[in-house]
2 protein chains.
Amino acid sequence: MAQKDTVDRILNAAEALFAERGFAETSLRTITSTANVNLAAVNYHFGSKKALIQAVFVRFLEPLSDTLSDQLDTVEEEGKEMLLDDLLDLLVAAVTSAHGNDVNRTASFMRLLSLAYTQSQGHLRDYLRERYGRVSNRYISMLRPACPQLSDKALFWNTHFALGAAVFSLSNYDALQAMHNDDTGEESPIREVIKRLLGFISAGVPVTLE
Amino acid sequence: MAQKDTVDRILNAAEALFAERGFAETSLRTITSTANVNLAAVNYHFGSKKALIQAVFVRFLEPLSDTLSDQLDTVEEEGKEMLLDDLLDLLVAAVTSAHGNDVNRTASFMRLLSLAYTQSQGHLRDYLRERYGRVSNRYISMLRPACPQLSDKALFWNTHFALGAAVFSLSNYDALQAMHNDDTGEESPIREVIKRLLGFISAGVPVTLE
DNA sequence: GTCTATAACGCGATAGAC
DNA sequence: GTCTATCGCGTTATAGAC
């Protein structure tokens with residue numbers, strides 16, 4: 001119990017700090033002092049900083065992966081037609097519900113995802129692809145019948161354009177919202193931004209050159 | 001002359017290394033040894049690592065900012081209608097031509113831009129916004145007549161969704177292309193990806209909830 | 001399982017010779 | 001303007017007492 005407590009406190013602090021400032025910019029000293037645990041605890045419980053980074057991702061992605069798998073199972077069993085918008089809503093629901101509908105944690109998730117791509121942590125990228133490639137490929141392949149006019153290539157790139165739009169705007173949501181508020185005085189609650197984002201993606205994904 | 005040579009070699013090495021692995025992950029020692037200059041040269045010529053990072057961005061953004069300003073001047077003088085696709089093409093042309101149509105350098109630019117958003121600890125972001133906010137706002141405001149149905153808010157968010165799609169897909173172009181090639185054996189030259197991206201953006205930007 | 005203390009190293013920056 | 005040498009600090013990781 002004492003162990004589990006320490007481990008969770010480290011993970012909580014690491015998750016928040018990594019999302020806020022990045023991996024290299026966050027020292028184990030900062031993590032352990034934020035978590036109110038001893039400096040040596042990270043290496044004792046996780047073995048290394050790299051392993052801690054991976055553990056943070058696993059704690060995030062495991063529930064999401066499970067939720068999404070279940071939902072995809074249900075869809076397949078029922079065999080009913082899923083439109084693009086249905087599939088997008090399903091994904092949003094899986095992401096937000098996987099962490100107790102806590103919007104802040106979803107924002108952290110997006111920020112971490114963005115860091116996983118930009119901070120050239122090769123180890124992390126390979127690890128995630130190996131561990132979660134299956135479910136993400138499965139999701140993408142379910143988009144196929146919803147966009148019958150797209151070639152595999154068009155589907156691949158369009159989904160990654162969509163991922164980029166989502167990751168960028170949500171991971172920088174605070175800064176963008178502040179920028180827009182500075183300029184116009186208008187507020188954009190995150191739910192509204194997500195709705196706009198879904199409209200944007202839903203219009204772009206079906207587009208093809210062929 | 002010897003000075004200019006050293007400065008340029010530092011900038012070249014820093015630009016490539018930063019784009020490849022990020023700011024915090026790139027040490028001055030790595031930069032100077034790649035550039036074949038002395039370790040002390042960075043602090044002599046730039047003053048600090050922070051200042052070097054800014055200098056890398058300025059070298060990238062100054063030609064782009066100039067080119068874009070000129071093009072926007074021309075458009076305004078002629079007073080002719082610019083459609084959304086025309087404005088997107090204009091931006092692509094400005095970005096690629098600003099650095100001698102070198103695709104690798106454009107990819108580096110995207111990667112750096114992505115880092116500036118995800119990794120900047122404030123100083124860089126403020127610096128860039130102060131220095132280049134004017135021209136970017138000017139560009140965005142020229143989108144207004146091309147998308148008359150959009151509210152200011154919708155225009156703001158849609159352009160940032162588009163920026164996210166562009167930055168993410170182009171800055172990770174190598175990795176994404178490799179991933180897609182792994183799965184399907186198909187090649188996607190970057191010019192083709194850019195065409196697909198423009199189609200995606202062009203479909204998404206005009207979308208509004210209102 | 002948790003702590004203190006410290007090893008071993010890489011970092012940015014600078015002083016001073018040339 | 002460029003070099004060597006080094007300072008001072010922060011880092012991850014670990015050994016060993018409790």
Side-chain angles (χ1 to χ4, degrees), chain A residues 1-59 112 115-116 119-125 127, chain B residues 1-59 112 115-116 119-125 127:
Chain A
M1 193 224 88
Q3 175 189 355
K4 180 139 192 333
D5 191 54
T6 300
V7 167
D8 279 345
R9 282 162 57 177
I10 292 172
L11 284 172
N12 289 339
E15 180 182 301
L17 290 166
F18 285 153
E20 189 186 313
R21 39 173 109 169
F23 305 125
E25 296 86 346
T26 305
S27 68
L28 294 184
R29 285 172 156 81
T30 309
I31 293 170
T32 51
S33 69
T34 302
N36 272 311
V37 302
N38 188 269
L39 171 59
V42 168
N43 277 281
Y44 177 77
H45 288 290
F46 297 93
S48 71
K49 186 179 177 181
K50 267 189 189 177
L52 171 61
I53 294 174
Q54 291 183 350
V56 167
F57 273 82
V58 167
R59 194 176 64 151
L112 289 171
L115 290 173
Q119 310 227 168
S120 163
Q121 301 267 349
H123 73 101
L124 182 59
R125 191 143 172 181
Y127 179 77
Chain B
M1 194 224 86
Q3 176 189 356
K4 181 141 193 325
D5 190 56
T6 299
V7 167
D8 280 344
R9 280 162 57 176
I10 292 172
L11 285 171
N12 289 339
E15 180 182 301
L17 289 166
F18 285 152
E20 188 186 314
R21 37 205 318 180
F23 304 126
E25 296 86 347
T26 305
S27 69
L28 295 185
R29 285 171 163 79
T30 308
I31 293 170
T32 51
S33 69
T34 302
N36 272 310
V37 301
N38 188 271
L39 170 60
V42 167
N43 277 282
Y44 177 76
H45 289 291
F46 297 93
S48 71
K49 186 179 179 180
K50 267 189 190 176
L52 171 62
I53 293 174
Q54 292 183 350
V56 167
F57 272 82
V58 167
R59 193 175 65 151
L112 289 171
L115 291 173
Q119 281 204 305
S120 85
Q121 307 278 344
H123 77 101
L124 182 57
R125 189 146 177 177
Y127 179 76

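Worth knowing before you read on, the calculation uses all heavy atoms, side chains too, and leaves out hydrogens, waters and symmetry mates. Protein chains get the first letters and strands the later ones, always in sequence-line order, with residue 1 at the start of each.
- Atom CZ in A:Phe46 sits about 16 Å away from atom C1' in D:dA13, given to the nearest Å.
- Using a 4.5 Å cut-off on side-chain heavy atoms (C-beta onward), B:Arg21 and B:Leu115 make no contact.
- Rounding to whole angstrom units, CG of residue B:Asn36 and P of D:dT2 are separated by 13 Å.
- Inter-residue side-chain proximity for A:Phe23 and A:Leu112 is flagged as met; some heavy-atom pair is nearer than 4.5 Å.
- The separation between A:Lys49 atom NZ and D:dT14 atom C1' is 17 Å, rounded to whole Å.
- In this structure, B:Leu39 and A:Ala40 both approach DNA chain D, and ranking their closest nucleotides by distance from the 5' end singles out B:Leu39.
- Whole-Å rounding puts the B:Asn43 CG to C:dG12 P distance at 9 Å.
- When the nearest nucleotides of DNA chain C are assigned to B:Ala24 and A:Ala41 by heavy-atom distance, the more 5′-ward of the two goes with A:Ala41.
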Could you list the donor-acceptor pairs under 3.5 angstrom formed between side-chain atoms of residues 31-38 of chain A and any protein atom two or more places apart in sequence or on another chain?
unit_1: A:Thr32; atom_1: OG1; unit_2: A:Leu28; atom_2: O; d: 2.8
unit_1: A:Thr32; atom_1: OG1; unit_2: A:Arg29; atom_2: O; d: 3.2
unit_1: A:Ser33; atom_1: OG; unit_2: A:Arg29; atom_2: O; d: 3.1
unit_1: A:Ser33; atom_1: OG; unit_2: A:Thr30; atom_2: O; d: 3.3
unit_1: A:Thr34; atom_1: OG1; unit_2: A:Thr30; atom_2: O; d: 2.7
unit_1: A:Asn38; atom_1: OD1; unit_2: A:Ala40; atom_2: N; d: 2.8

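- Looking at A:Leu11 and A:Leu52, their side chains come closer than 4.5 Å, going by heavy atoms from C-beta outward.
- Summarising the geometry of B:Leu124 relative to B:Gln54, their closest heavy-atom pair is CD1-CG, 4.3 Å, with the distance given to 0.1 Å.
- Inter-residue side-chain proximity for B:Val56 and B:Phe46 is flagged as unmet; no heavy-atom pair is nearer than 4.5 Å.
- Distance CZ (A:Phe23) to C1' (D:dT12): 17 Å, rounded to an integer number of Å.
- Phosphate proximity of D:dG1 to B:Thr6: absent, as no side-chain N or O sits under 4.0 Å from OP1 or OP2.
- The OH atom of B:Tyr44 sits 17 Å away from the C1' atom of D:dT4 (whole-angstrom rounding).
- Close to D:dT4, at under 4.0 Å from its OP1 or OP2, lies a side-chain N or O of B:Asn38.
- Scanning residues 26-34 of chain A for heavy-atom distances under 4.0 Å to DNA chain D yields A:Thr26, A:Ser27, A:Leu28, A:Arg29.
- Per the geometry, NE2 belonging to B:His45 stands 9 Å off P belonging to D:dC3, to the nearest Å.
- Following rounding to the nearest Å, A:Lys50 (NZ) and D:dT11 (C1') show an atom-to-atom distance of 15 Å.
- The two atoms that bring A:Ser48 and A:Asn43 nearest to each other are CA-OD1, 3.7 Å, heavy atoms only.
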